[in-house]
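One-based numbering, in listed order, for ligands and for the atoms of each. Remember, it's a predicted structure, so these values are computed and weren't measured experimentally.
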Amino acid sequence: MKTLVKNGTILTMETDTPELVQGDLGIDGDAIAFVGKGPSGFSADREIDAAGSIVMPGLINAHTHIAMSLMRHYADDLPFWTWLFDRILPVEENLTDAHVFNGSMLSLVEMIRSGVTSFADMYSNMDAVAEASLQAGLRARLTRGLMFNGPEDLFKLDEGRRFHGDWNGKGDGRIQVDVGPHAIYTCPPEYLEKVVQLAEELDCRIHIHLSESRKEVADSIEAYGKTPIAHAADHRLFSRKTYAAHCVHATDADIQILKDHDVAVINNPASNLKLGNGFAPVVKLLEAGVTVGLGTDGSASNNNLNMFEEVNLAALINKGSTEDPTVVSAYTALQMATINGARALGIDGITGSLRAGKKADLILVDTEVPHFYPRHSVTAGLVYAAQSSDVKTVICNGEPVMQDRVIPHLDEAEVYRKARESAAAITGNAHFMP
Ligand code: NI
């Protein structure tokens with residue numbers, strides 16, 4: 001199948017400064033055939049009109065827990081520790097594969113509608129997350145979240161190994177599986193060693209939460225005499241390629257450790273704000289040369305999966321917190337949401353920018369809306385004004401998963417109904433509460 005995306009304003013995200021190409025983008029099968037002007041022999045089976053649209057790489061939500069949409073608007077305005085241990089974890093005890101599938105589907109619809117083509121997820125019941133991702137048609141890096149409360153939890157390592165065997169490479173390679181120790185405060189040192197051994201055995205990356213809250217850092221210093229990042233490094237975690245969510249309270253010494261070990265940081269500005277955890281030192285991380293991607297985190301702490309909001313917050317928060325409007329430019333924020341997110345997840349060879357040979361993961365953003373006019377700047381428009389509802393068409397792996405705002409292969413009303421049923425079953429909340 002050959003597809004021609006016709007007459008768009010193409011933001012390639014291929015270069016260090018913004019590059020626009022006016023014209024067409026050709027897709028042959030799952031890959032980009034050309035950007036700009038096609039060869040004379042390219043005859044398309046399908047045409048997508050991109051006039052009035054920005055064509056750009058699909059966004060990469062590099063840290064989330066998609067099934068947590070079932071707990072969206074369920075536990076708000078609470079301290080982080082109360083939120084996690086008193087509200088979220090007890091409800092998660094009630095999750096079944098069916099609930100996780102239903103929550104995942106809700107999030108996949110939301111991500112498609114906001115222009116996401118790749119995401120990284122850590123959770124339990126991951127077969128259900130993988131199955132939903134496969135059906136939705138997005139690219140996913142999935143990890144079975146690992147927590148250790150006692151020997152009865154050792155089975156989770158085996159489950160991680162089994163999950164990798166069953167799913168890694170499925171969906172024409174769209175599904176990749178990594179190892180996901182939840183955090184150092186839920187994984188004691190001996191368990192972390194086992195996690196690293198598993199990642200070595202499976203030859204995969206590690207996805208973890210690090211230095212998310214001040215309490216996590218204080219507890220780590222009390223228990224181990226070190227910050228969570230120094231502690232993780234000491235336990236060889238970073239001997240594997242690692243993408244670490246948050247790093248909100250990374251010290252200057254921590255940033256050096258991250259840089260030395262080529263650890264990528266996933267910034268989650270909305271979640272960090274909402275849980276009162278603070279602002280990650282994004283400017284210092286970027287200056288040090290650390291790869292920084294962007295994520296929404298789960299929608300129980302955000303409360304949405306809108307990457308356009310994260311891009312906007314990443315730019316604004318860092319300007320505000322450093323009192324310097326020149327830092328985190330619009331283009332830098334877009335790089336975090338596209339090519340740098342891809343780099344963090346190790347998929348920059350196939351996605352995150354638009355060039356011939358890469359997988360066709362791209363979106364059309366409608367600029368025929370008041371907040372894009374009078375059209376001075378594509379990048380400023382995308383970061384300071386765009387809404388996720390401006391996303392008109394989403395193509396992942398060469399296949400349109402949304403076209404002119406219609407998701408052809410999913411029944412959205414059914415997705416909402418099932419998510420509502422599962423949410424009621426796990427929380428006991430049968431009605432819309434104030
Ligand atoms: Ni998280």
Side-chain angles (χ1 to χ4, degrees), residues 60-72 74-76 78-89 91-92 95 100 103-104 107 110-111 116 118-126 129 133 140-147 156 160 178-187 195 205-217 228-229 232 237 242-250 263-280 282 292-307 309-310 313-314 336-337 341 344-345:
I60 297 181
N61 185 353
H63 176 73
T64 186
H65 316 278
I66 58 173
M68 290 184 83
S69 60
L70 297 178
M71 283 87 86
R72 185 198 331 254
Y74 171 70
D76 299 293
L78 294 169
F80 176 59
W81 235 248
T82 313
W83 172 83
L84 180 60
F85 286 98
D86 297 348
R87 295 287 281 170
I88 298 299
L89 289 178
V91 166
E92 287 182 337
L95 289 170
V100 168
S104 297
S107 290
E110 187 183 359
M111 288 198 291
V116 168
S118 299
F119 67 100
D121 198 86
M122 177 198 293
Y123 213 55
S124 66
N125 305 75
M126 290 305 292
V129 178
S133 308
R141 271 204 103 96
L142 306 178
T143 53
R144 202 285 181 222
L146 301 168
M147 294 188 189
K156 291 177 186 168
D178 288 325
V179 167
H182 169 260
I184 65 144
Y185 58 90
T186 47
C187 296
V195 166
R205 290 178 182 243
I206 287 179
H207 183 183
I208 188 169
H209 300 88
L210 281 176
S211 291
E212 180 174 6
S213 66
R214 278 195 195 282
K215 177 169 163 48
E216 176 186 339
V217 177
I229 290 168
L237 203 78
T242 299
Y243 44 109
H246 306 306
C247 301
V248 173
H249 297 287
V263 175
V265 171
I266 312 303
N267 180 217
N268 300 267
S271 172
N272 297 155
L273 284 175
K274 183 154 186 289
L275 290 170
N277 282 325
F279 315 99
V282 169
V292 184
L294 268 183
T296 58
D297 213 348
S299 41
S301 63
N302 186 308
N303 290 2
N304 60 55
L305 302 173
N306 177 357
M307 282 291 289
E309 189 173 287
E310 303 299 328
L313 284 173
M336 290 165 68
L345 304 183

*Calculate, to the nearest 0.5 Å, the distance between atoms CG and CE belonging to Leu89 and Met147 respectively.*
5.0 Å

_Which N, O or S atom of His209 lies nearest to the Ni ion (ligand 1), by name_ = NE2

*Quick one: sort the Trp81 and Phe85 rings into parallel, tilted or perpendicular, breaks at 30° and 60°.*
tilted

*Can you tell me if an N/O/S atom from Asp297 lies under 2.8 Å from the Ni ion (ligand 1)?*
yes

*Check the surroundings of atom OH in Tyr185: do more than 12 heavy atoms from other residues, nucleotides or ligands lie under 6.0 Å from it?*
yes

*Within less than 2.8 Å of the Ni ion (ligand 1), any N, O or S from His65?*
yes

*Set of side chain to side chain donor-acceptor pair (under 3.5 Å) partners for Ser124, sequence neighbours left out*: none

*Among the N, O or S atoms of His63, the one nearest the Ni ion (ligand 1)*: NE2

